[in-house]
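Have a look at the structure below before the remarks.
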Protein chains: 2
Amino acid sequence: MELTERKKKVLRSVVDLYIRTAEPVGSKAVAELPDMKYSSATIRNEMSDLTSMGYLEQPHTSAGRIPSTAGYRLYVDELMMDYRLSIDETKSISSAIEEKMQRVDKLVEKVAKLVSQATDLPAISAASRRSISCVKRFDLILAGQGSFILVLMLPGEQVVNKLIKLPLNVTETDLKLLSAVLNAAMTEIPLEEYTPELLDKVMRSAGSASSLVPVIVDFTQETLRNQGSTNMAVAGQARLLGLPEYRDVDKAQRVLASIDEDTLSNLPAVMQGSNGTKVIVGPENVADELKDTSVVMTKFDIGEGMQGMIGVVGPTRMDYAKVTARLSYFAESLSKMFAKPEQPQLPEGISEEPKEPNK
Amino acid sequence: MELTERKKKVLRSVVDLYIRTAEPVGSKAVAELPDMKYSSATIRNEMSDLTSMGYLEQPHTSAGRIPSTAGYRLYVDELMMDYRLSIDETKSISSAIEEKMQRVDKLVEKVAKLVSQATDLPAISAASRRSISCVKRFDLILAGQGSFILVLMLPGEQVVNKLIKLPLNVTETDLKLLSAVLNAAMTEIPLEEYTPELLDKVMRSAGSASSLVPVIVDFTQETLRNQGSTNMAVAGQARLLGLPEYRDVDKAQRVLASIDEDTLSNLPAVMQGSNGTKVIVGPENVADELKDTSVVMTKFDIGEGMQGMIGVVGPTRMDYAKVTARLSYFAESLSKMFAKPEQPQLPEGISEEPKEPNK
DNA sequence: TTTAGCACTCGCTTTCTTTGAGTGCTAAGC
DNA sequence: GCTTAGCACTCAAAGAAAGCGAGTGCTAAA
């Protein structure tokens with residue numbers, strides 16, 4: 001059977017109504033829509049066709065129709081009207097983002113909150129660095145009896161430090177020598193090349209400061225490893241409970257549990273290939289708990305070898321148009337913010353990174 | 001009427017049973033407890049007395065009894081049996097804490113998760129620094145054309161850094177001079193003494209590097225201000241939904257909303273005075289949404305001018321004994337960890353010490 | 001091809017009934 | 001004088017039955 005224009009129109013109307021009401025949609029309701037020029041009987045026939053074509057479903061014989069997964073898919077891919085963000089919306093999103101945000105992990109948290117607020121759904125936000133990283137420079141600063149500060153400069157304006165304490169005395173000369181050795185031998189090379197042989201070589205060149213080498217290298221390796229890590233935050237889980245489909249507490253709990261930060265750690269992988277906004281409708285989901293829950297995600301580049309992702313989780317009948325619009329706008333604003341880091345809206349640049357000592 | 005030993009025993013049994021079952025407790029159930037040597041009729045009389053004394057309540061005439069707020073209070077303050085942590089429990093708590101945790105904010109997050117796991121309830125964790133802080137030392141490291149790294153040493157082994165970029169050239173000599181000036185004039189003094197006059201003086205002494213002073217001082221001030229801030233994390237909200245009293249989604253949502261990180265920002269204030277473990281039973285709560293929700297909190301010192309707090313939120317009938325025991329153990333382990341930061345740490349001495357609650 | 005009409009279906013809601021845990025009271029027992 | 005067995009009474013919760021009404025599919029007429 002062919003999917004005529006009228007059928008598409010009916011399908012769109014059904015999905016739109018269902019998104020709004022969360023109740024099965026009857027032929028009469030569709031017929032009464034302002035720009036629907038046919039009677040309920042006609043609509044009924046069309047809906048019957050759409051059902052046999054697999055785009056709609058009937059919870060039971062005498063109920064209205066609800067969109068099937070295929071129906072949502074078609075809706076998202078073709079039928080969905082562009083949602084125009086109102087000036088107010090763009091304004092509130094931009095101004096929220098523009099507040100200066102200091103560290104990446106705080107930023108991720110903040111963004112998750114904002115996205116959740118903007119969509120009224122639970123939101124996830126993540127930022128991950130690709131781990132192709134190296135040390136650009138080592139600095140050692142004497143900090144007192146047997147303690148010194150190790151400062152690592154990494155690509156992308158990042159600076160990491162650690163206060164190191166040792167049960168032996170350290171002299172300025174030791175540190176000078178050691179930092180020269182480290183800078184000569186261990187900068188600009190990836191983690192993999194930190195071989196035992198290299199360490200050995202460094203140790204030997206370090207002379208009296210050689211006992212400092214292991215602790216320095218340990219920290220460096222750990223730092224480089226963490227560079228490839230992902231910051232992630234979830235916000236607004238409670239919003240899920242406001243939705244009729246999650247009045248069933250068990251269901252809500254299952255979904256909430258599965259969007260816990262721990263559980264989601266593999267999510268970035270999902271986003272790997274695609275760029276832009278991606279909609280995963282209900283059963284297309286990998287996780288079993290999310291079978292009747294949809295996920296909308298947007299990936300974006302934030303420069304400096306970092307990637308950002310924001311997404312929301314909601315019922316299959318969520319307002320895809322609105323959600324994707326807001327998400328995209330968010331992503332865009334964030335990209336912009338990162339693209340020109342020295343611009344006025346971000347007075348300090350985003351390169352600082354206050355660190356605590358204590359591994 | 002006098003509160004006899006037997007009445008206390010009955011009350012304790014009622015609370016214990018209610019904590020376990022979440023159902024009104026009948027006289028028969030109490031009478032059938034192993035060490036209850038009276039018949040249900042006798043218990044019935046005692047329960048009737050306890051009801052008129054205000055320690056128990058009846059949801060309706062022909063139902064069992066549930067503890068009133070006064071009943072819980074008495075239970076928590078006097079009746080509650082010490083809960084002995086099993087070796088397994090202490091082990092799992094200690095080993096969880098022992099994992100190296102890097103920064104305070106990450107630690108707070110991690111602890112919230114652990115506490116939530118250990119109690120199976122939503123948990124809050126916070127760490128706050130008293131803001132009496134100063135810079136112990138400034139270091140400036142040249143990092144390239146017109147950019148350098150500012151390193152601040154703060155009390156308590158903290159080191160903070162920031163990469164600063166400027167549209168002008170900076171020389172090693174400039175930085176040497178400047179750091180000498182800064183260390184002479186601006187260390188060991190509190191934020192308040194960063195007066196315009198002082199800045200002026202520093203600027204003048206800084207010579208050709210004077211243009212760097214404002215940006216350095218800005219960052220320093222901001223850092224010191226942040227020192228007084230509070231890190232806070234909430235974890236395991238979803239666990240609330242597993243409890244029968246929160247099957248009512250609206251209720252659950254209200255509670256969850258009110259333990260959102262934002263809302264709770266005033267919580268540290270509540271903990272101000274008291275030390276040790278504090279139990280807030282239901283209606284004793286300030287927030288209206290938490291009227292039938294209890295909060296158990298423990299405050300502890302983690303040295304270096306920092307204070308920690310962990311707490312859980314749960315139904316009024318939560319297992320206070322178990323929860324306070326675990327919370328205290330957590331607090332203790334954390335304190336220990338901070339007290340001897342370089343120690344390999346714990347398992348010896350399973351000195352749990354389920355705290356006597358303070359009224 | 002569209003539409004009005006009509007019989008039919010079936011999940012909700014409401015009302016009524018039943019059930020049983022739990023109570024308070026009384027009178028007998030220790 | 002305490003304790004306990006016994007019994008009538010209460011009342012929420014669970015189950016069953018009835019009625020409602022939104023929605024359908026089909027048919028026949030426009």
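Just so you know, these numbers use all the heavy atoms, side chains as well, and skip hydrogens, waters and symmetry mates. A, B, ... follow the sequence lines: proteins, then strands. Residue 1 opens every chain.
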Any side-chain donor-acceptor pair under 3.5 Å between Ser328(B) and Thr298(B)? no
Identify which nucleotide among dA12(D), dT23(C), dG11(C) has an atom closest to any side-chain atom of Met47(B), counting heavy atoms from C-beta outward. dT23(C)
Quick one: [X] [atom1] to [N] [atom2], roughly how many Å, whole number?
| X | N | atom1 | atom2 | value |
| --- | --- | --- | --- | --- |
| Glu57(A) | dG23(D) | CD | C1' | 17 Å |
| Asp49(A) | dT1(C) | CG | P | 12 Å |
| Leu50(A) | dG25(D) | CG | P | 12 Å |
| Ile43(A) | dT3(C) | CD1 | P | 9 Å |
| His60(B) | dA13(D) | NE2 | C1' | 9 Å |

Start at the 5' end of DNA chain C and walk down; is the nucleotide closest to Gln58(B) or to Pro59(A) reached first? Pro59(A)
Within 45° cone and under 6.0 Å: Arg6(A) NZ/CZ vs Tyr38(A) ring: yes
If you take any heavy atom closer than 4.0 Å to DNA chain D, which residues from residues 20-33 of chain A end up in contact? Gly26(A), Ser27(A)
Between [X] and [Y], is there a side-chain N and carboxylate O pair less than 4.0 Å apart?
| X | Y | result |
| --- | --- | --- |
| Asp77(A) | Arg73(A) | yes |
| Glu245(B) | Lys251(B) | no |
| Asp49(B) | Arg44(B) | no |

Any donor-acceptor pair under 3.5 Å joining the side chain of Thr61(A) to the base of dT9(C)? no
Test side-chain contact (heavy atoms from CB on, under 4.5 Å) applied to Arg12(A) and Met80(A), Met81(A), Glu78(A), Lys7(A), the passing residue: Met81(A)
Any side-chain heavy-atom pair of Arg65(A) and Pro24(A) under 4.5 Å: no
Closest heavy-atom pair, Ile310(B) versus Ser125(B), reported as atoms and distance to 0.1 Å, is CG2-CB, 4.1 Å
Heavy atoms of Met318(B) and Val313(B) approach each other most closely as CE-C, 4.4 Å
When you measure from the side-chain N and O atoms of Arg65(B) to the phosphate of dG24(C), is any distance below 4.0 Å, counting only OP1 and OP2? yes
In 5'-to-3' order, the base (B), backbone-only (S) or no-contact (-) status of each nucleotide in nucleotides 1-8 of chain D, using a 4.0 angstrom heavy-atom cut-off, is --SBBB--
